[in-house]
Amino acid sequence: MTKLKALNGFKDIVPGEVELWQHVENTARDIFARFSFSEIRMPILEKTELFARSIGEATDIVEKEMYTFVDKQITMRPEATASLLRAYIQHGLHVQKPVQRLFTIGPMFRHERPQKGRLRQFHQMDVEVLGASSPRVDAELMAMGALLLETLGIHVSLEMNSLGCPDCRPGFRKVLLDFIKERHGVLCDDCKRRSTTNPLRVLDCKNPVCREQVEEAPSIQDHLCDGCSEHFTAVQEGLNQLGVPYSLNKFMVRGLDYYSRTTFEFITTDLGAQAAVGAGGRYDGLVEQLGGSRNVPGIGFALGMERLILLLQQQEELSTPNVIDLFVVGLGEAASEFVFSLVHVLRKTGMQAAMDHEGRSLKSQMKQANKAGARFALIIGENELAEGMAVLRNMESQEQEEIGIGSNLEDISTLLVEKI
RNA sequence: GUGGGUGUAGCUCAGUUGGUGGUAGCACCUGGUUGUGGCCCAGGAGGUCGUGGGUUCAAGUCCCAUCACUCACCCCA
């Protein structure tokens, strides 16, 4: 029989590792709550059309990376924003509150070749603000992301750009295309292709030759319309006011079609080829494009959880040893049976209690208690059982005392809660 | 889709010019203590050497194929 394994690009998160995930999630939930975000959870399957309409028909994600049930026209979400907006529109959340602040945490699916920090099922923490157009919200959101990463102890840099809007981007695109045409011959093959598919992408090519060529390229920041320009300036002022360090990157482009104006990335150099641990931006036309009300601006970003975890793991081996309250040792069949009942009563009172079910020796059970991180061990053998007492050992101080135990388990439980 | 690297115990890895699979480390079990954990010591268990073919008296080692994993390109969190 062939061994069954998880699919390529799909990973189990096992005990010892899952604690780190919980830590990241708990920290995020705490910070999101401080910024008045509410959680929303959406299904993983959506109509294929939703992603085609939001992310863009011509993007790599939609063209070749989606897990789609072709016969049913449904797709496992490759990102969260589209689903979240669908839910927002479907439930008329804009009516309940003019500004909705929402976050969601969960798995996303893209059929790419896996590599470091990139999986086929990966997890994102996704944050969106709907109905707010103020540049202060852009700054506030970036400040929240920066605070979360800082709280987690992850060192990144924040880079920002503006992609303009449907009014000014086409103009810049033309200027850029002219610039590219002049150097078309020396650009790499990928960029030759990009110059027709998505010229803005040429700006962030990693090829050294292209980089050099593009150094002198026109900056979109010089071609913004008045509205976009004012917004861009105000976002920077907001970041300055909040003391959030950032740098402007005129080469930064985003891969999804829906972005407008502000875009940003939290960047690291410690993840191999994967630079972005988080990225996002404004998408003012998207709600309307998906059939929602007009003039509902939006902005949001996503953090890649696997990437955060990788960074935390390589920054320091932080081990969170498990700790329990009490390990109850039972020696002999009669004592074990008694302990079986006692442990359950202890657990009902809220105590983290454990025992051995294999009838092992005292020494072995003490080892288990130690490994489980028990603060106390309660030893009950045949003698103790007969005499109505037990030995309570403080595992750290090694002090032990005899306590009287009757047949009433609740009384024993109460006594132990006092002692421990 | 394209290119590179790696497959030996649950994990991390040795394995020489081809000559019997490692007293290796971590983890696990038992004992050293008639009923007391961590440290130490002794012992034990654990393997189709990824899989299939080929060369050879002999293959973990050389050759071919295949699968898996991994890193990178593309793209993205």
Side-chain angles (χ1 to χ4, degrees), chain A residues 1-3 5-11 14 16 55 58-65 78-81 105-127 145 156 188-191 193-194 197-198 201 204-207 253-256 264-268 271-281 300-311 321 327 329-332 335 356 358 360-384 390-400:
Chain A
M1 190 165 64
T2 49
K3 276 188 186 170
K5 312 168 53 174
L7 295 170
N8 188 18
F10 290 71
K11 287 272 184 292
V14 295
I55 298 169
T59 58
D60 279 16
I61 293 179
V62 171
E63 245 173 27
K64 52 195 187 195
E65 294 174 0
E79 56 115 38
T81 303
I105 300 176
M108 311 294 156
F109 304 84
R110 290 181 202 173
H111 192 114
E112 309 175 83
R113 285 290 283 273
Q115 65 190 68
K116 186 172 186 177
R118 199 180 74 183
L119 296 172
R120 288 181 173 174
Q121 174 176 335
F122 59 103
H123 298 76
Q124 288 187 340
M125 302 193 291
D126 195 75
V127 174
V156 296
C188 72
D189 290 346
D190 281 326
C191 281
R193 178 176 51 79
R194 286 183 185 114
T197 57
N198 189 349
R201 280 243 153 269
D204 72 347
C205 181
K206 287 172 193 160
N207 184 305
V253 197
R254 310 261 58 238
L256 283 54
F264 56 94
E265 291 184 358
F266 293 101
I267 305 264
T268 176
L271 274 183
Q274 266 56 247
V277 302
F301 72 93
L303 293 163
M305 289 198 67
E306 278 79 3
R307 295 181 183 179
L308 298 180
I309 302 284
L310 276 175
L311 286 174
F327 192 98
V329 176
L331 298 170
D356 167 74
E358 309 302 321
R360 292 194 217 264
S361 68
L362 173 61
K363 174 174 177 160
S364 172
Q365 293 197 44
M366 289 303 289
K367 273 191 181 176
Q368 290 178 59
N370 187 57
K371 207 178 305 165
R375 290 162 44 232
F376 288 85
L378 184 71
I379 302 166
I380 305 177
E382 302 291 357
N383 298 342
E384 286 84 355
V391 176
L392 182 64
R393 177 182 178 86
N394 182 320
M395 294 294 283
E396 200 190 344
S397 69
Q398 305 188 35
E399 289 165 8
Q400 31 186 73

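The figures here come from the full heavy-atom set of this structure, side chains too, leaving out hydrogens, waters and symmetry mates. In what follows, chains carry the letters A, B, and so on, assigned in the order in which the sequence lines appear, proteins first and then strands, with residues in each chain numbered from 1.
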Worksheet item: Any side-chain N or O of A:Ser364 under 4.0 Å from OP1/OP2 of B:U30?
Response: yes
Response to the item:
Out of B:G35, B:U36, B:A72, minimum distance to the side chain of A:Met366 belongs to B:U36
Worksheet item: Has the side chain of A:Lys5 got a donor or acceptor atom sitting under 3.5 Å from an opposite partner on the base of B:G50?
Response: no
Worksheet entry | A:Leu331 vs A:Gln365, side chain to side chain contact (heavy atoms under 4.5 Å, CB included): CA-CA, chis, key distance, verdict | CA-CA 9 Å; A:Leu331 298 170; A:Gln365 293 197 44; 4.1 Å; yes
Discussion item. What is the separation between atom CG on A:Asn370 and atom C1' on B:A27, rounded to the nearest whole Å?
Written reply: 15 Å
Response to the item:
What one should report as the nearest heavy-atom pair of A:Gly300 and A:Phe264 is O-CZ, 4.2 Å
Discussion item. Any base atoms under 4.0 Å from A:Lys116, or only sugar-phosphate, or nothing? Heavy atoms, all strands.
Written reply: sugar-phosphate
Fill in: Side-chain donor or acceptor of A:Arg393 paired with backbone N/O of A:Leu378 under 3.5 Å
no
Practice prompt. May I ask you to say what A:Ala276 touches in the nucleic acid, namely base, sugar-phosphate or nothing, with a heavy-atom cut-off under 4.0 Å?
Written response: sugar-phosphate
Worksheet item: Can you find a side chain N or O atom of A:Asn8 that sits less than 4.0 Å from OP1 or OP2 on B:A68?
Response: no
Worksheet item: Any donor-acceptor pair under 3.5 Å between the side chain of A:Gln398 and the base of B:G38?
Response: yes
Discussion item. Roughly how many Å apart are B:U16 and B:C62, using the P atom of each and rounding to a whole number?
Written reply: 9 Å
Worksheet item: If we take the P atom in both B:G60 and B:A9, what is their distance in whole Å?
Response: 15 Å
Worksheet item: If we take the P atom in both B:G22 and B:A45, what is their distance in whole Å?
Response: 15 Å
Worksheet item: What nucleic acid atoms does A:Gly280 come within less than 4.0 Å of, heavy atoms only: base, sugar-phosphate, or nothing?
Response: nothing
Practice prompt. Could you state the atom-to-atom distance from CD of A:Gln368 to P of B:U36 in whole Å?
Written response: 16 Å
Worksheet item: Using a cut-off of 4.0 Å on non-hydrogen atoms, how would the nucleic acid contact of A:Arg120 be classed: base, sugar-phosphate, or nothing?
Response: nothing
Worksheet item: Taking CD from A:Glu112 and P from B:C74, how many angstroms apart are they, rounded to a whole number?
Response: 12 Å
Practice prompt. Taking atom P in both B:U6 and B:G15, compute the distance separating them and give it to the nearest angstrom.
Written response: 14 Å
Item to complete: Classify the nucleic acid contact of A:Leu310 as base, sugar-phosphate or nothing, counting any heavy atom under 4.0 Å across all strands shown.
Response: nothing
Worksheet item: In terms of side-chain geometry, is the basic nitrogen of A:Arg193 or A:Asp189 positioned less than 4.0 Å from the acidic oxygen of its partner?
Response: no
Practice prompt. Ignoring backbone atoms, establish whether A:Gln115 has a side-chain N or O less than 4.0 Å from OP1 or OP2 of B:A72.
Written response: yes
Fill in: A:Phe376 CZ - B:G37 C1' separation (whole Å)
15 Å
Worksheet item: Side-chain N or O of A:Lys11 less than 4.0 angstrom from OP1 or OP2 on B:U70?
Response: yes
Worksheet item: Distance between the P atoms of B:G46 and B:U30, in whole angstroms?
Response: 16 Å
Practice prompt. For A:Glu265, answer base if it contacts any base atom (sugar-phosphate contacts may also be present), sugar-phosphate if it contacts only those atoms, and nothing otherwise; contact means non-hydrogen atoms under 4.0 Å.
Written response: nothing
Worksheet item: Roughly how far apart, to the nearest Å, are B:U51 and B:U61 at atom P?
Response: 11 Å
Response to the item:
Between CE of A:Met125 and P of B:A77 the distance, given in whole Å, is 15 Å
Worksheet item: In whole angstrom, what separates A:Glu358's CD from B:C29's C1'?
Response: 12 Å
Item to complete: Kindly point out which of B:U36, B:G37, B:A77 is positioned nearest to the side chain of A:Glu306?
Response: B:A77
Worksheet item: For atom C1', what is the distance between B:A27 and B:G44, given to the nearest Å?
Response: 15 Å
Discussion item. Do A:Thr59 and A:Leu256 make a side-chain contact, defined as non-hydrogen atoms from C-beta onward lying under 4.5 Å apart?
Written reply: no
Worksheet item: Hey, does A:Ile379 reach any base, or is it just sugar-phosphate, or nothing, if we go heavy atoms under 4.0 Å?
Response: base
Discussion item. Please determine whether a side-chain nitrogen of the Lys or Arg among A:Arg110 and A:Glu79 lies less than 4.0 Å from a carboxylate oxygen of the Asp or Glu.
Written reply: no
Worksheet item: Can you check whether A:Lys371 has a side-chain N or O nearer than 4.0 Å to OP1 or OP2 of B:C28?
Response: yes
Item to complete: Write down the distance separating the P atoms in B:A77 and B:G3, rounded off to the nearest Å.
Response: 27 Å
Discussion item. From CG of A:Asp189 over to C1' of B:U2, roughly how many Å is that when rounded to an integer?
Written reply: 13 Å
Name each donor-acceptor pair under 3.5 Å that joins a side chain in residues 302-310 of chain A to protein atoms two or more places apart or in another chain, with its distance.
unit_1	atom_1	unit_2	atom_2	d
A:Glu306	OE1	A:His123	N	2.8
A:Glu306	OE2	A:His123	N	3.3
A:Glu306	OE2	A:His123	ND1	2.8
A:Arg307	NE	A:Gly117	O	2.7
A:Arg307	NH1	A:Ala276	O	2.8
A:Arg307	NH2	A:Gly117	O	3.2

Discussion item. Nearest whole Å is fine: how far is B:C73 P from A:Arg194 CZ?
Written reply: 11 Å
Discussion item. Within the 4.0 Å heavy-atom criterion, would you say A:Arg113 contacts the bases, only the backbone, or no part of the nucleic acid?
Written reply: base
Worksheet entry | No-H, no-angle donor-acceptor pair, A:Glu384 side chain to B:G35 base, under 3.5 Å | yes
